[in-house]
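Below is one structure, written out as structure tokens, with a few remarks after it.
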Amino acid sequence: MCLLKYLVVEAIPMESAAGSHSMFTCEPITLRMCQGLPYNSTFMPNLLNHYDQQTAALAMEPFHPMVNLQCSSELRMFLCALYTPVCTEYGRMTLPCRRLCLRAMGDCYKLMDMFGVKWPEEMDCNRFPDCDEPYPRPVDLLSRSDSTESPISVQRDYGFWCPRELKIDPDLGYTFLGVRDCSPPCPNMYFQRDELVFARYFIGVVSIVCLSATLFTFLTFLIDVSRFRYPERPIIFYAVCYMMVSLVFFLGFLLEDRVACNAASPGRFRASTVTQGSHNKVCTLLFMVLYFFTMAGSVWWVILTITWFLAAVPKWGSEAIEKKALLFHACAWGLPGCLTVTLLAMNKIEGDSVSGVCFVGLYDRTALRWFLLVPLGLDVLVGVALLLVGILALNRVRMEIPLEKENQDKLVKFMIRIGVFSVLYLVPLLTVIACYLYENSYRTVWETTWVQERCREYHIPCPYQVEQTSRPNLSLFIIKYLMMLVVGIPSVFWVGSKKTCFEWASFFHGHRRKE
């Protein structure tokens, strides 16, 4: 008889689950101390929140000397009432009486003191009902049809219990669903193997395209450095940032999940789990490069809007803007560097089994909000504000100041290029932010659904009174990774011109201009 109502899911046989119970159902008592009682079945988790009998047996060990020395005829029954409570046909639980607790504690108090055993706080006799009935009560052993009385109803949520297969060594500092020394399973806990293979190849192809585009932009700059001066010079550094981002994703494609996941240890009943923290040096390096250049790329776009603003509103020339280059570089590389070091100090690195890289905010919603959503959101707000002011200023120049037709056409083309480039950058970035917001909103529901579907397989408590269930769609993650990479491609639009073609043709013919 189930104690609580759950969705019916298919139990998957596991070697490590041999001999384990079926969660929240009556099961035979296997603790030797509690065998031979008037009842022979119990339920887990028990009244002390032990989720299986093996855990309960370990917790009972300090009381073995007192039971063996028979300091009290009531002690064995009282302990078993807590560690292996009777499983009634009602699917409910019965607490032992307070007087049973007082007699057991009073008879064995001196002996416990001799063995250095303290009466646990969770077994405080005042917590039990004031009655003097034997345990179990006769009504507990009757079937539902024979009884008109029901014991105390179970009305509690046991929270998430880390399965034995997902436990991690304590010194690594892992956390999963608020539980320490625990890590999510690998491959991804939401998707099937064939879905992950498709996603990996998709990300690999897109990363190659983005890498090619940004590398072309950077090489075009190297052919003629003097061509790209301020205010458009930040586009080159922006391209370099996303070149590094695409390179990391390409490496993740090659590495598969060898870095993002810890290897399984069947001998220790450990499944493959997600890598967390900085103990994996390759994972740490991938995270540092990916996060640093992702943030630096967004900062360089803001600096690009600042240079356009300075050129359009106060009418600064290229030389005047270039004098601020040191400040621009300090902000563009310094701010992402501070954020990256902070995340390393906080041990917030997480493996991503979908892309094969390591990043932040994949399972930790707090890190997602403060280290991804907030920085990217601020970059968008500042950049768009400066961009709009600059475009309005250029348009006012075009409308109010008489220019020759050739210069008028150049100004219009320049404004169109700025507008198109900004749209090509902002649409992917805003899509990435929207994906992060959606993840932040539904991550708890996805995790609860996963626990509910896997609780019987892992033999952990199932969620109580689940109001909403949902699973993430792979297309959401595909779009997120696509936009994280596509956001670097607009740099090609800026350098793409007839002049670029002539420069490459001259370069291959050996007539490259020298600085």
Side-chain angles (χ1 to χ4, degrees), residues 195-196 198-221 232 234-254 286 289-305 332 336 352 354-362 368 372-373 375-377 379-380 383-384 387 416-439 472-497 500:
E195 293 178 313
L196 295 175
F198 168 77
R200 186 170 65 85
Y201 276 94
F202 180 86
I203 295 169
V205 171
V206 176
S207 66
I208 292 173
V209 173
C210 182
L211 181 61
S212 303
T214 51
L215 183 60
F216 173 78
T217 301
F218 181 58
L219 293 177
T220 301
F221 166 73
E232 59 184 352
I235 293 177
I236 304 303
F237 302 117
Y238 159 90
V240 170
C241 291
Y242 284 100
M243 179 179 69
M244 297 302 297
V245 169
S246 57
L247 178 61
V248 172
F249 275 110
F250 179 66
L251 292 176
F253 164 72
L254 298 178
L286 291 177
V289 176
L290 180 57
Y291 182 78
F292 175 81
F293 283 103
T294 298
M295 292 295 108
S298 64
V299 175
W300 272 117
W301 182 77
V302 173
I303 293 175
L304 180 63
T305 62
D352 183 4
V354 177
S355 63
V357 301
C358 294
F359 203 50
V360 64
L362 302 169
L368 171 63
L372 287 175
L373 285 174
L376 294 177
D379 288 346
V380 169
V384 169
L387 181 67
I416 292 175
R417 290 179 72 190
I418 291 176
V420 174
F421 177 83
S422 301
V423 169
L424 291 177
Y425 173 81
L426 286 173
V427 169
L429 182 59
L430 290 174
T431 304
V432 170
I433 292 175
C435 290
Y436 284 144
L437 288 172
Y438 187 81
E439 283 188 54
N473 195 313
L474 182 64
S475 59
L476 170 72
F477 290 82
I478 292 293
I479 291 173
K480 181 181 72 173
Y481 294 117
L482 173 64
M483 295 304 167
M484 288 178 69
L485 290 164
V486 167
V487 75
I489 295 179
S491 60
V492 176
F493 167 80
W494 194 264
V495 302
S497 64
T500 299

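- Atom-to-atom distance recorded for Glu439:CD and Leu373:CG is 9.0 Å, nearest 0.5 angstrom.
- Across every non-hydrogen atom of Ser207 and Phe249, the tightest pair is CB-CB, 4.0 Å.
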Handout entry: ring-ring contact (aromatic ring centres under 6.0 Å, His included) assessment of Trp301 paired with Tyr238
Key = CA-CA 7 Å; Trp301 182 77; Tyr238 159 90; 8.4 Å; no
Exercise for the section: Please assess Met295 against Leu372 for the test side chain to side chain contact (heavy atoms under 4.5 Å, CB included), listing each intermediate value before the final yes or no. Expected result: CA-CA 9 Å; Met295 292 295 108; Leu372 287 175; 4.1 Å; yes
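- You'll find the side chain of Leu290 stays beyond 4.5 Å of the side chain of Cys358, heavy atoms only.
- Under the 4.5 Å side-chain criterion, counting only non-hydrogen atoms from C-beta, Phe216 is in contact with Thr220.
- In this structure, Gly488 and Cys210 approach most closely via the heavy-atom pair CA-SG, 4.4 Å.
- Across all non-hydrogen atoms, the minimal contact from Met244 to Val289 is CE-CG1, 4.1 Å.
- Judged purely by atom type and a 3.5 angstrom limit, Thr500 uses its side chain to pair as donor or acceptor with the backbone of Val495.
- By the 4.5 Å heavy-atom criterion applied to side chains, Ile479 and Thr431 are counted as neighbours.
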Practice task
Dump the intermediate steps for side chain to side chain contact (heavy atoms under 4.5 Å, CB included) on Lys480 and Tyr436, then the final yes or no.
Solution key: CA-CA 8 Å; Lys480 181 181 72 173; Tyr436 284 144; 3.7 Å; yes
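- Here the CZ atom belonging to Phe198 is positioned 10.0 Å from the CD1 atom belonging to Ile203, to the nearest 0.5 angstrom.
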Exercise for the section: Walk me through it: do Met484 and Val245 pass the test side chain to side chain contact (heavy atoms under 4.5 Å, CB included)? Expected result: CA-CA 9 Å; Met484 288 178 69; Val245 169; 5.7 Å; no
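- Counting only distance, with no hydrogens or angles, the side chain of Arg200 and the backbone of Ser355 share no donor-acceptor pair below 3.5 Å.
- Using a 3.5 Å distance cut-off with no hydrogens or angles, the side chains of Asp352 and Tyr481 do pair a donor with an acceptor.
- Between Ser422 and Leu387 the shortest heavy-atom distance is OG-CD2, 3.1 Å.
- With rounding to the nearest 0.5 Å, the separation of CZ in Phe218 from CD1 in Ile235 is 15.0 Å.
- From Thr214, atom OG1 reaches atom CD1 of Ile236 across 11.0 Å, with rounding to the nearest 0.5 Å.
- Smallest separation of non-hydrogen atoms from Thr217 and Ser491: OG1-OG, 3.2 Å.
- Here the side chains of Val380 and Leu429 are in contact, with some heavy-atom distance below 4.5 Å.
- The shortest distance between side-chain heavy atoms of Leu211 and Ile208 does not fall below 4.5 Å.
- Shortest non-hydrogen contact noted between Ile433 and Gly377 is CD1-N, 4.2 Å.
- For Tyr201 and Phe253, the distance between ring centers is under 6.0 angstrom.
- Summarising the geometry, atom CG belonging to Leu376 is positioned 8.5 Å from atom OG1 belonging to Thr294; distances are rounded to the nearest 0.5 Å.
- Counting only heavy atoms from C-beta outward, the side chains of Val240 and Trp300 never approach each other to under 4.5 Å.
- With values rounded to the nearest 0.5 angstrom, Ser475 atom OG is found 10.0 Å from Glu195 atom CD.
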Handout entry: Step-by-step side chain to side chain contact (heavy atoms under 4.5 Å, CB included) determination, Phe202 to Val206
Key = CA-CA 6 Å; Phe202 180 86; Val206 176; 3.9 Å; yes
